[in-house]
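Some notes on the structure that comes next.
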2 protein chains.
Amino acid sequence: MTEATRRERLRAETEREIRQAARALLVDSGRDAVTLRAIARKLGITAPALYRYYDSHDALLRQLCDDICADMAEALYADLAAETSGQVNCKVRAVCHAFRRWALAHPQEFALVFASPRDPLGADQFGSVFLQLAGPLIASNQDAKHVDEEVPAALHEDLVRFQQVLMGAVSEHGVTVGDDVLNLGKIYHVIQSWVRLYGHVALEVFGRFPFAVSNPEPMFDSMLDQMLEEIGFHEDDPTAR
Amino acid sequence: MTEATRRERLRAETEREIRQAARALLVDSGRDAVTLRAIARKLGITAPALYRYYDSHDALLRQLCDDICADMAEALYADLAAETSGQVNCKVRAVCHAFRRWALAHPQEFALVFASPRDPLGADQFGSVFLQLAGPLIASNQDAKHVDEEVPAALHEDLVRFQQVLMGAVSEHGVTVGDDVLNLGKIYHVIQSWVRLYGHVALEVFGRFPFAVSNPEPMFDSMLDQMLEEIGFHEDDPTAR
DNA sequence: CGGTTTCAGTGAACGGTGTTTACGCAAGTC
DNA sequence: GACTTGCGTAAACACCGTTCACTGAAACCG
């Protein structure tokens with residue numbers, strides 16, 4: 001059956017338990033509670049044993065971040081799949097809502113990934129997950145009216161590079177679009193939208209709006225309306241495809 | 001001269017040195033380097049002595065946050081004062097730029113205040129500092145065209161509460177305006193702008209844009225243009241006052 | 001099968017942390 | 001001068017990440 005040796009199976013099982021224990025500690029008691037000794041205690045082993053699995057406490061936390069991002073990606077895909085209407089703007093809206101919902105439901109995880117100083121100058125993990133999902137959707141909106149002239153000239157070079165990334169993500173999903181559809185203007189607006197989405201969700205998760213907002217959801221919704229409008233989706237416009 | 005007793009002077013001096021040492025450690029080596037023992041070492045005393053000044057390590061960090069915010073407020077006021085043109089939109093722009101500049105120049109401080117889980121449901125400190133400064137400016141823009149009907153009805157109650165806060169800040173600056181000038185629509189757009197400002201600066205300071213941006217400044221500038229437009233400032237429009 | 005290698009896990013130790021406690025000792029008070 | 005106040009210390013406690021020499025069982029090999 002299992003072609004893996006007994007040792008390998010046990011090792012894989014232990015590693016699974018380590019991640020699980022670390023995650024539980026994070027969720028229950030926050031980032032600072034995720035200590036090697038606490039994890040070891042949960043497994044009934046001693047702390048140094050964990051060094052057989054991870055080089056350091058830091059490496060373990062990094063792994064935890066990756067796990068969290070993978071989980072979020074899964075949740076986002078699931079929520080997108082549940083949106084069965086053919087309308088693209090509904091799908092985009094669904095993904096945005098899914099991102100907010102996930103962040104609110106997993107504040108400790110969000111804070112950890114958000115506040116972890118990853119590989120310097122590396123890409124944001126949330127951004128990668130989210131945009132590689134939303135990118136293809138937005139690209140498939142054929143009738144957006146943005147032209148490249150709208151965006152600051154100084155950004156052209158960076159945007160072209162990001163355009164390549166997004167087109168790669170799109171083609172991985174089967175579809176291929178020309179750079180006339182996913183043009184610089186559209187990409188620019190996508191990033192502007194990401195800034196707003198990120199800002200709102202971070203402020204809301206951390207409870208940091210400049211005044212007490214009793215129910216931030218309508219604020220989020222109306223922001224979404226405006227964002228989608230800017231990207232090129234229009235309320236009454238079916239844009240089915 | 002000093003009507004304070006010798007003991008009080010020494011105590012005040014030591015407290016100043018503690019804050020200074022803590023700040024230096026934060027700036028030089030990051031949040032985790034701000035330990036009681038490291039601070040004590042800098043002062044040539046022992047760690048428990050610090051408990052004569054702060055109840056706990058946490059309380060000291062909180063004090064540090066407050067100091068940082070006060071410093072930022074000072075920097076923002078200074079930059080605003082340096083903007084001598086009478087045009088209000090220039091002043092708003094100056095404060096926004098000052099916020100970004102400060103955050104980029106003080107990444108460790110920004111990260112600490114940003115990531116510190118303050119009093120739950122309390123107001124954001126950056127938001128308070130910034131908006132109490134920008135609020136009066138924006139309020140003084142008489143000819144904004146927003147009407148209350150634009151904002152989601154569910155937000156009315158919260159916005160009215162925030163309106164009171166802002167009007168208080170305005171009147172503290174000498175001016176008084178009616179709630180017809182600082183109406184709900186305008187306040188709503190101010191908050192939307194804060195979300196974008198916050199999102200952009202956080203992403204930039206943490207190096208977390210979804211792709212490598214070689215020079216984020218033009219992106220910030222063009223975002224600012226769009227924000228000011230939405231709030232009710234127009235490019236060609238002097239709006240002097 | 002027996003010998004050997006591999007490796008998960010242990011226990012002790014080192015240097016670091018926040019925090020508490022009992023104590024000395026100088027400054028202020030009456 | 002006696003008494004109180006309060007800053008600072010040393011020692012201790014319970015944690016933490018990390019290293020190192022070690023055990024013992026699993027895996028491998030001739």
Side-chain angles (χ1 to χ4, degrees), chain A residues 1-26 28-65 108 112 115-118, chain B residues 1-26 28-65 108 112 115-118:
Chain A
M1 288 293 114
T2 58
E3 81 276 12
T5 143
R6 170 180 156 79
R7 258 229 278 249
E8 279 167 336
R9 268 187 295 114
L10 285 183
R11 183 180 175 84
E13 173 66 16
T14 306
E15 186 162 350
R16 222 185 43 90
E17 282 179 30
I18 293 175
R19 296 190 191 194
Q20 181 180 315
R23 186 68 157 275
L25 284 166
L26 175 68
D28 291 348
S29 317
R31 187 206 158 114
D32 290 346
V34 186
T35 69
L36 292 182
R37 288 188 150 95
I39 295 171
R41 239 174 280 137
K42 278 213 172 201
L43 302 211
I45 61 178
T46 60
L50 294 174
Y51 282 82
R52 301 281 172 198
Y53 298 87
Y54 295 97
D55 285 343
S56 67
H57 180 243
D58 219 59
L60 198 152
L61 280 189
R62 225 158 349 184
Q63 174 67 253
L64 186 53
C65 283
Q108 302 279 21
L112 176 68
S116 284
R118 291 281 287 192
Chain B
M1 291 292 115
T2 57
E3 81 278 9
T5 145
R6 169 179 156 80
R7 250 221 290 241
E8 278 168 336
R9 269 188 295 111
L10 285 182
R11 181 181 175 83
E13 174 66 16
T14 305
E15 184 161 352
R16 222 186 42 90
E17 283 180 29
I18 293 175
R19 297 190 192 193
Q20 181 180 315
R23 186 66 156 275
L25 285 166
L26 174 69
D28 292 346
S29 317
R31 187 206 159 116
D32 290 346
V34 186
T35 67
L36 292 182
R37 288 186 151 94
I39 295 171
R41 240 173 279 138
K42 279 211 172 204
L43 300 212
I45 60 176
T46 60
L50 295 173
Y51 282 81
R52 300 283 173 196
Y53 298 87
Y54 296 96
D55 286 343
S56 67
H57 180 242
D58 220 59
L60 199 153
L61 281 188
R62 227 163 349 203
Q63 173 67 253
L64 186 52
C65 282
Q108 302 278 21
L112 176 68
S116 284
R118 293 281 286 191

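Chain A is the first sequence line, chain B the second, and so forth, proteins listed ahead of strands; every chain is numbered from 1. Computation of the quantities below employed the complete heavy-atom set of this structure, encompassing side-chain atoms and omitting hydrogens, waters and symmetry-equivalent molecules.
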Show the atom names and distances, to 0.1 Å, of all donor-acceptor pairs under 3.5 Å that link a side chain in residues 37-57 of chain B to residues at least two apart or in another chain.
{"from": "B/Ser56", "atom 1": "OG", "to": "B/Asp58", "atom 2": "N", "distance (Å)": "3.4"}
{"from": "B/Ser56", "atom 1": "OG", "to": "B/Ala59", "atom 2": "N", "distance (Å)": "3.1"}
{"from": "B/His57", "atom 1": "NE2", "to": "B/Val34", "atom 2": "O", "distance (Å)": "2.7"}

- Single hit among B/Glu15, B/Glu17, B/Arg11 for side-chain contact (heavy atoms from CB on, under 4.5 Å) with B/Glu13: B/Glu17
- In numerical order, the residues of residues 44-57 of chain B whose heavy atoms come under 4.0 Å of DNA chain D are B/Gly44, B/Ile45, B/Thr46, B/Pro48, B/Ala49, B/Arg52, B/Tyr53
- Message: Tell me which residues in residues 36-43 of chain A lie within less than 4.0 Å of DNA chain D, going by non-hydrogen atoms.
- Response: A/Leu36, A/Arg37, A/Arg41
- Rounded to the nearest 0.5 Å, what's the gap from CG on A/Leu25 to CD on A/Gln20? Could you check? 11.0 Å
- Item | Nucleotide range of DNA chain D lying under 4.0 Å from chain A heavy atoms | D/dC16 to D/dA27
- Closest nucleotide of DNA chain D for A/Ala33 versus for A/Arg7: which of these residues is on the 5' side? A/Ala33
- Boundaries of the DNA chain C segment in contact with chain B, non-hydrogen, under 4.0 Å: C/dT17 to C/dG28
- With rounding to the nearest 0.5 Å, note down the distance linking CD1 in B/Ile18 to CZ in B/Arg16. 11.5 Å
- Query: For the atom pair CG (A/Leu60) and OG1 (A/Thr35), what is the distance rounded to the nearest 0.5 Å?
  - Reply: 10.5 Å
- Message: Is there a side-chain contact between A/Leu64 and A/Arg19 in this structure, where contact means two heavy atoms from C-beta onward sitting under 4.5 Å apart?
- Response: no
- Task: For B/Arg31, check side-chain hydrogen bond (donor to acceptor under 3.5 Å, both in side chains) against everything at least two apart and list the hits.
- Result: none
